[in-house]
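Presented below is the structure to which this report refers.
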Amino acid sequence: MEALEAVILTIITASTPLLLAATGELVTERSGVLNLGVEGMMIMGAVCSFAAAYTTGSALLGILVGLYAGVATSMLFAFLTQTLMTSQVATGLSLTLLGLGLSGLIGEGFTGLPGEKLESIHIPLLTDIPFIGPILFGQDILVYISLALIAAVSYVLFRTRIGLVINAVGNNHHSAHALGYGVIRVRYACIAFGGACSGLAGAYLALAYTPQWIENMSAGRGWIALALVVFSTWLPGRLLIGAYLFGTVWIMGLYVQGLGVGIPSQLLSSLPYLVTIVVLVIISGNRSLIRMNTPAMIGQPFAPER
Amino acid sequence: MSVGAMGSDNGNGAAAGAYILEARNIVKLFGDLRANDDIDLSLKPGEIHALLGENGAGKSTLVKIIYGALQPTSGTLFWGAAPVTISNPAAARELGIGMVFQHFSLFDALTVTQNIALALKGERDLKALAGRIETVSADYGLPLRPGALVADLSVGERQRIEVVRCLLQEPRLLILDEPTAVLTPQEADQLFVTLERLAGEGCAVLYISHRLEEVKRLCHDATILRLGRLVARVDPQQESAASLARHMIGTDVAALQSGSGAATGAPLLELAGLSMPTDDPFGVALKSIDLAVRSGEIVAIAGVAGNGQSELFDAISGERTSKSADAVKLAGAPCGRETITQRRRRDAAFVPEERVGHAAIADLPLSENLVLTHHAVGNDVVRHGLINRGAAKDVMARVAEHYDVRKNLADPEASALSGGNLQKFVVGREMTRRPRILVVHQPTWGVDAGAAAFIRQSLVDMARSGSAVLMISQDLDEIFEIADRIAVISRGELSEAYPAGELSPERIGLLMAGTHERAGRDVEHGAEA
């Protein structure tokens, strides 16, 4: 029982940063923008949040700074792609490269220092319930934020006018423009939301997952988050399942490794990536499903007629 | 203010307040081009007013100015009796001006209700809106299911969304741009009933069309533009279609020379049991299509857009290959599995519907666009695997000259041409090869009357010189003008090809709607019960 509890707790820890980053990217892509810079925004969030938390001694302040670092990085992307009309793919890729490099520079003085750990919440009685208590009521605040965010995104996208406009812009920006909606403005906002979420994911890595700064500590999670968005066919419910499925496979790989089963460790650590590829291939088999849910304008620049 | 000859006619005696909208001395310059040159237009409440003109006559510019999408260089708009500045479409809607565009501004992946909600600012209660959509649409005879996805609707139904969207805003002026181009005759009739009722309620209607019979039937008044200038204001009831056309074009439209004695020979294009599933949720599957087009004849395929025309075109051209080689035969040779280039080498040529993005690449110069379909079929544009730019430019120049493609540069990018001119280029590009088999999809879509007549004449001449011509078109007038035999496509099924003389537009309308099938099914169903 205790072993299972430990497994579940680590699965939640592994899944949360993926869920956070993917939630943001889902909204960005719903508005028709493909931001491949998730990894870069995430690592910028991580290094800035660590630096802020270490300097001030406040993990909560660290979260906030991580969020803003993500937004700031995403605004660079937004300015280049939405205002200057650069290619989204190329700009997103360079954003990732920039983020990885810049974060290494900023974080140089922080490498190896003991950081501020984001405390788990403790509700008397509830958290003390065996097994269920620590899992449901003993997480840190970012875990709850990640779950609340995906629920909120689902509600906003499918139940509110703002969500309708975001979907409309992503489905056909010419029509949205003709009806008088500010396509570029909506996209700026969605890119900023994506940046904020990636920043939070980074903060989670540097404050909760491993409370210290390690260069390249995002370790490809930004790319996993991007794959998860496609995996989910842009549906928030599936995204939640996907993030936790991936986290589970990842952690199970580590445990199996620990048990000393005779499978090469390289194979086990590549398992989550293999599972992602397999799932993507299976999903891609149903092209009509993808076609129905894909934001039709994804990756296409929009320049209003003058 | 100086009053021109036309202006005095309009303002003569009528109190300014009698008009809902008046445009006076509208001038719009695009660089050196005078898109609108001192145009007057006035509309009374309850009047259906036709705006006629060829492509490039300035209709769209004028309408965009009224709808607030463009600002006039000079001139004034009056709404009621008061001068107004309509700075954007939202302001126009605020005044009570609604517009149904030729290219719909709809969202495929959203429902009817969501689409309409997006156009109505401050509409929050989607359930209540769905109820209103149902009431209004039923009331005006334009039935709509509020919960349906736009992607699942026919083009006619999509247009209804646009019309109902305007109606919900209780417009005082409704502008329609070529509304019947995408409708079956029956659907068009239904639209006319709606417009007449709307006019009866006091709404003014500005009706842009090039179908002159329709204008004669529906409109009370007509303003005719040519090359940016107002050339006439006439009562369409007092005019003939020919006299209206003369005003529009300035000369008589050349009557089609059909060159009688259509000696038809061996079948050159044969389809046998051509079936093709669709992997596109918005697409149409082809169901066991049989057709033979013989040398010397034009066979037309009529049908409402979205019934499998594009899929059929792709299957014939080889953009999608069939499982069975025998499903498509060109000049007797089974080629169902061959690629488009292999089929071109069998002396077949294909002109798809979409000019930009399918028939031509917007950013490439015309000469390179020419290479794209000529690279494997002679003309020396490709020698030993290398492009001969000089030869490509020569052929392109010949096409441009012969098919009257008007361009500003020697070799402009495709996107620099107007729609009609690019259409003449993509049709001419294939015809210049003098193929034995020619398949064209919507050959005169958005082309002005003069150019359309020219393209049709070229198609007829091709057939009379012994080629087999297959034309997929939604324009019934065009089909009746040049086709020897007519087949109708409906939901991926093709009817038999009937000699043109044996079919009436009404009969085609029924075949288009697939009514005969549905009636048949109902009978079966009744028998079972």
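Labels below follow one simple rule: chain letters A, B, ... track the order of the sequence lines, proteins then strands, and each chain is numbered from 1.
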### Task
Using atom types as modelled and distance alone, determine if a side-chain donor or acceptor of A:N172 lies under 3.5 Å from a backbone N or O of B:L106.
yes
### Query
Any chance OH of A:Y181 has more than 12 other-residue heavy atoms, nucleotides or ligands included, within less than 6.0 Å?
yes
### Message
Distance check, rounded to the nearest 0.5 Å: A:S175 atom OG versus B:N115 atom CG?
### Response
8.0 Å
### chain B contact via A:A296 - side chain, backbone, both or neither, heavy atoms under 4.5 Å
neither
### Message
I need the B:F107 CZ to A:H174 NE2 distance, nearest 0.5 Å.
### Response
11.0 Å
### Query
Can you tell me how far OG1 of B:T113 sits from CG of A:L164, rounded to the nearest 0.5 angstrom?
10.0 Å
### Message
Taking atom CD1 as the centre, does A:I141 end up with more than 12 heavy-atom neighbours from other residues, nucleotides or ligands that are less than 6.0 angstrom away?
### Response
no
### Task
Determine whether more than 12 heavy atoms belonging to other residues, nucleotides or ligands lie under 6.0 Å from atom CD of B:E94.
no
### Message
Is B:A117 in contact with chain A via its backbone, its side chain, both, or neither, using a 4.5 Å heavy-atom distance?
### Response
both
#### Entry: Contact check, side chains of A:R159 and B:L126, non-hydrogen atoms, under 4.5 Å
no
### Query
Is the number of heavy atoms from other residues, nucleotides or ligands under 6.0 Å of A:Y155 OH greater than 12?
no
### Message
If you count heavy atoms of other groups shown closer than 6.0 angstrom to CD of A:Q300, is the number above 12?
### Response
yes
### Message
With a 6.0 Å cut-off (strictly less than), is the heavy-atom count around CZ of B:R145, excluding the residue itself, greater than 12?
### Response
no
### Task
Please round to the nearest 0.5 Å and tell me the distance separating atom CD of B:Q114 and atom CG of A:N171.
10.0 Å
